[in-house]
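Predicted model, so just to flag it, every value in this text is computed and none were measured. Every chain is numbered from 1, with letters handed out A, B, ... down the list of sequences.
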Amino acid sequence: MSLVLYNTLTKKKEPLQPIEDGKIGMYVCGVTVYDKSHLGHAKSAINFDLIVRYLRHRGYEVNHITNFTDVDDKIIQRAKELSMDPMALSQQIIDDYFRSMDALKAERATTYPRATETMDDIIDMVEGLVQKGIAYESNGSVYFSVRKAKEYGKLSGQTLDQTVAGARIDPSEDKRDPMDFAVWKAAKPGEVSWTSPWGEGRPGWHIECSAMCLKHIGKTVDIHGGGTDLIFPHHENEILQSEAYNDAQFVKYWMHNGMLTIDEEKMSKSQKNFFLIDEVLAKYSPQVVRFFILNANYRHPLEYDSSSLDDSQRALETLQNSYDEMKAHAAIADGDDDAERLCGDVWSDFETKMDDDFNSRDAIAVMYDFAREANKLRGEGRLSRKGADSVVGIFNQFNGLFGVLVSESRLKLVKEGAQALDETEIDKMLSQDHIPDGDVDRLVRARQDARERKDFATADNIRGSLAEKGVDIQDTQEGAVWKRK
RNA sequence: GCCGGGGUGACAGAGAGGCCAUGUGGCGGACUGCAGAUCCGCAGACAGGAGUUCAAAUCUCCUUCCCGGCUCCA
């Protein structure tokens, strides 16, 4: 079975065939660093994180490039508002971005080029476009002449005339055609700028991606990703520049992630309807946030509301419980091979789902079925320690890609049986702010003793008091287990 | 207006011609002193209208509503 992915360019799912066997050059548009990252950025990063992890799992060597737009109008404006140096501001935001994405357990890209570090390549490209006569200088700025492009709108389906009719374009008098876009912008007095053949200035928005793709990947990149909001004009213009400059196809597969929405509206800074990653992680674990995002198709919009993460937390608990219990499982039966068979089937099912355009939602559904089957074997006393280890192995493989489960063992099985404790000792232990593991064990055994004496008041008091300290006791067929929440 | 993508059970969200999606929640049952966890079962759906087909949530057409883009955006 081969992996297929949805290509925005052709609007079809296509088998993945990299230019070079086994290697993938992948460019994902990063962020403009003028303000802290919000949950929408997290969605994009986590969607592509899973894609990269899965491609690697499938044996591809992935060169993953994500850029930082660290000079542009917004950064300059924001820096001015804060009376900061724009470069200091962008560095601060980049630091925040890394902190947030690390906290979300998104793997880092291979390289994070910055516009300001790619200046020579950008200027080379602009010069090349001017030499080819497809871009022109005007008052210190350089514009790309869209009417000279061979093809226009092949990604977005837009035609030039329709777009002109849309008429929300900047009618700069420097442009020969209103649809032309800047590849180099002349600096206004006092702005940060770089020296170029056209005087002091800085890059247009789109050109950095074209230059970075060429520099870090090549004339043609296998996969180019970004949000759906970038399709037009950003990605369309990247195609125009790169293909004009390189005389080669720019991108084989375009992949776009759907927007995170709130009340059906895109989460964005300009709408002021965003939640910062910091804020969200103060209340929910990174696993819950990842699960919320990965439990939906990356291509489709995902609706967020106040209960979304609570729902995800509850839903995830089912998988986490099964995972925990499989790890803590004490062998009941020996030599059964039901678990082995179960594990053999589930992983190929899982990969089949993921091979179909990274269908993480269906892949998770496979995991739920798997957890139920494994729980059933265990409940029926047909699970050996070896079988449980195989089940845990599948969970680990799944988690290596999705990163939605807490891998540390949370569940503690109390090995010794019931043991009486006198009341004052119980109260003393329960009154501690933090009850050490050893004491929890003793309390659980004391509770067991109380239960055997049918002293349910004492038993329930121990369970209730421990629950208040964040320790959950559960009675199972194998005895009592507990975990810290 | 134009270009994309959508409208699926209480909710979140897969699926893209025939076969159970899945999860949370609800209801019933098993287990339990009670909880919880777990297991079993039940209910409940494909925006509306025409058409193609033996068969349509899935294909075609029309209507309608929503979202994204056409300005910076993941």
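- Counting non-hydrogen atoms under 4.0 angstrom, Ser312(A) reaches nothing in the nucleic acid.
- Between the side chain of Asp229(A) and the base of C67(B), no donor-acceptor pair under 3.5 Å is found.
- Backbone-only contact: Asn297(A) has heavy atoms under 4.0 Å from sugar-phosphate atoms and none from a base.
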Ring pair (Phe, Tyr, Trp, His ring centres under 6.0 Å) for Phe292(A) and Tyr284(A)? Distances and angles first, verdict last.
CA-CA 11 Å; Phe292(A) 166 64; Tyr284(A) 299 94; 9.5 Å; no
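- The interatomic distance linking His235(A) (NE2) with A74(B) (C1') rounds to 9 Å, in whole Å.
- With a 4.5 Å cut-off on side-chain heavy atoms, Leu55(A) and Leu3(A) count as touching.
- Considering only the side chain of Ser44(A), A74(B) comes nearest among U22(B), A21(B), A74(B).
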Could you run down the sub-3.5 Å N/O contacts of the protein with nucleotides 39-42 of chain B?
{"unit_1": "C39(B)", "atom_1": "OP1", "unit_2": "Asn375(A)", "atom_2": "ND2", "d": "3.4"}
{"unit_1": "C40(B)", "atom_1": "OP1", "unit_2": "Lys376(A)", "atom_2": "NZ", "d": "3.0"}

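- Taking the ring centre of Tyr143(A) as origin, the terminal cationic atom of Arg176(A) falls outside the region bounded by 6.0 Å and 45° from the ring axis.
- No donor-acceptor pair under 3.5 Å is formed between the side chain of Asp357(A) and the backbone N or O of Asn359(A).
- In this structure, His224(A) has its ring center closer than 6.0 angstrom to the ring center of Phe250(A).
- For Lys175(A) (side chain) and Phe144(A) (main-chain N/O), no donor-acceptor pair under 3.5 Å exists by modelled atom type.
- Across all strands, Leu319(A) comes closer than 4.0 Å to no nucleic acid atom at all (heavy-atom distances).
- The side chain of Arg314(A) lies closest to G25(B) when the candidates are A14(B), G25(B), G68(B).
- If you check every strand for non-hydrogen atoms under 4.0 Å, Gly40(A) touches a base.
- One finds no side-chain N or O of Lys483(A) lying less than 4.0 angstrom from the OP1 or OP2 phosphate oxygen of A37(B).
- Taking only side-chain atoms of Ala315(A), from C-beta outward, the nucleotide of G36(B), G23(B), A74(B) with the closest atom is G23(B).
- Base contact: Met267(A) has a heavy atom under 4.0 Å from a base atom.
- Protein atom CG of Asp324(A) is 19 Å distant from nucleotide atom P of G36(B), rounded to whole Å.
- Across the protein-nucleic acid pair, Gln313(A) atom CD and A12(B) atom P stand 19 Å apart, rounded to whole Å.
- Here the separation of U52(B) from C39(B), taken at their P atoms, is 47 Å to the nearest Å.
- Nearest to the side chain of Lys266(A), among G15(B), A74(B), C34(B), sits A74(B).
- The separation of A47(B) from C67(B), taken at their C1' atoms, amounts to 15 Å, rounded to a whole angstrom.
- Nucleotides A10(B) and A45(B) have their C1' atoms positioned 12 Å apart, rounded to a whole Å.
- Between the P atom of G36(B) and the CG atom of Leu411(A) lies a distance of 17 Å, rounded to the nearest Å.
- Listed by chain and number, the residues in a side chain to side chain contact (heavy atoms under 4.5 Å, CB included) with Ser156(A) are Gln158(A), Ile231(A), Phe232(A), Glu236(A) (sequence neighbours excluded).
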Using a cutoff of under 3.5 Å, can you pull out all pairs of nitrogen or oxygen atoms linking the protein to nucleotides 3-10 of chain B, with atom names and distances?
{"unit_1": "C3(B)", "atom_1": "O2'", "unit_2": "Ser156(A)", "atom_2": "O", "d": "2.2"}

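- Atom NZ of Lys105(A) sits in a sparse spot, with 12 or fewer heavy atoms from other residues, nucleotides or ligands closer than 6.0 Å.
- Between Trp482(A) and Asp472(A), the closest side-chain pair of non-hydrogen atoms is not below 4.5 Å.
- Every residue two or more places apart in sequence or in another chain that forms a ring pair (Phe, Tyr, Trp, His ring centres under 6.0 Å) with Phe275(A) is listed here: Tyr304(A).
- Considering only side-chain atoms of Arg447(A), the nucleotide from U24(B), G33(B), A74(B) that sits closest is G33(B).
- A donor N or O paired with an acceptor N or O is not found under 3.5 Å between the base of G36(B) and the side-chain atoms of Asp475(A).
- Atoms CZ (Phe456(A)) and C1' (U32(B)) sit 10 Å apart, rounded to a whole Å.
- Atom CG in Asn359(A) sits roughly 14 Å away from atom P in G13(B) (whole-Å rounding).
- For the C1' atoms, the distance linking C31(B) with A37(B) amounts to 11 Å, nearest Å.
- One C1' atom belongs to A56(B), the other to C19(B), and the distance between them is 14 Å to the nearest Å.
- Only the C1' atoms considered, A57(B) is 14 Å distant from G48(B), to the nearest whole Å.
- Separation of the Phe370(A) and Phe350(A) ring centroids does not fall under the 6.0 Å cut-off.
- For Asp455(A), the side chain to side chain contact (heavy atoms under 4.5 Å, CB included) partners at least two apart in sequence or on another chain are Ala450(A), Arg453(A), Ala457(A), Thr458(A).
- Using a 4.0 Å heavy-atom cutoff across all strands shown, Glu317(A) reaches no nucleic acid atom at all.
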For RNA chain B, the dot-bracket notation using Watson-Crick and G-U wobble pairs below 3.5 Å, [ ] for pseudoknot-type crossings and | for other-strand pairs, is (((((((..(((.....[...))).(((((.......)))))....(((((..]....))))))))))))....
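- Within 4.0 Å (heavy atoms only), Arg361(A) reaches at least one base atom of the nucleic acid.
- Counting any heavy atom pair closer than 4.0 Å across all strands shown, Asp73(A) reaches no nucleic acid atom.
- Other residues, nucleotides and ligands contribute more than 12 heavy atoms inside 6.0 Å of the NZ atom of Lys11(A).
- In the set A14(B), U22(B), A74(B), A74(B) carries the atom at the smallest distance from any side-chain atom of Cys29(A).
- Between A74(B), G33(B), G15(B), one nucleotide has an atom nearer to the side chain of Arg451(A) than all others, and that is G33(B).
- Remark: Glu423(A) CD is loosely packed, at most 12 non-hydrogen atoms of other residues, nucleotides or ligands lying under 6.0 Å away.
- No side-chain donor-acceptor contact under 3.5 Å links Thr110(A) to the backbone of Ile65(A).
- Summarising the geometry, the separation between CE on Met354(A) and P on A14(B) is reported as 14 Å, rounded to the nearest angstrom.
- Leu316(A) places its CG atom 16 Å from the C1' atom of G13(B), with the value rounded to the nearest Å.
- Across all strands, Gly153(A) comes closer than 4.0 Å to no nucleic acid atom at all (heavy-atom distances).
- Between U8(B) and C59(B), the two P atoms lie 16 Å apart (nearest whole Å).
- At a threshold of 4.0 angstrom between heavy atoms, the contacts of His256(A) with the nucleic acid are absent.
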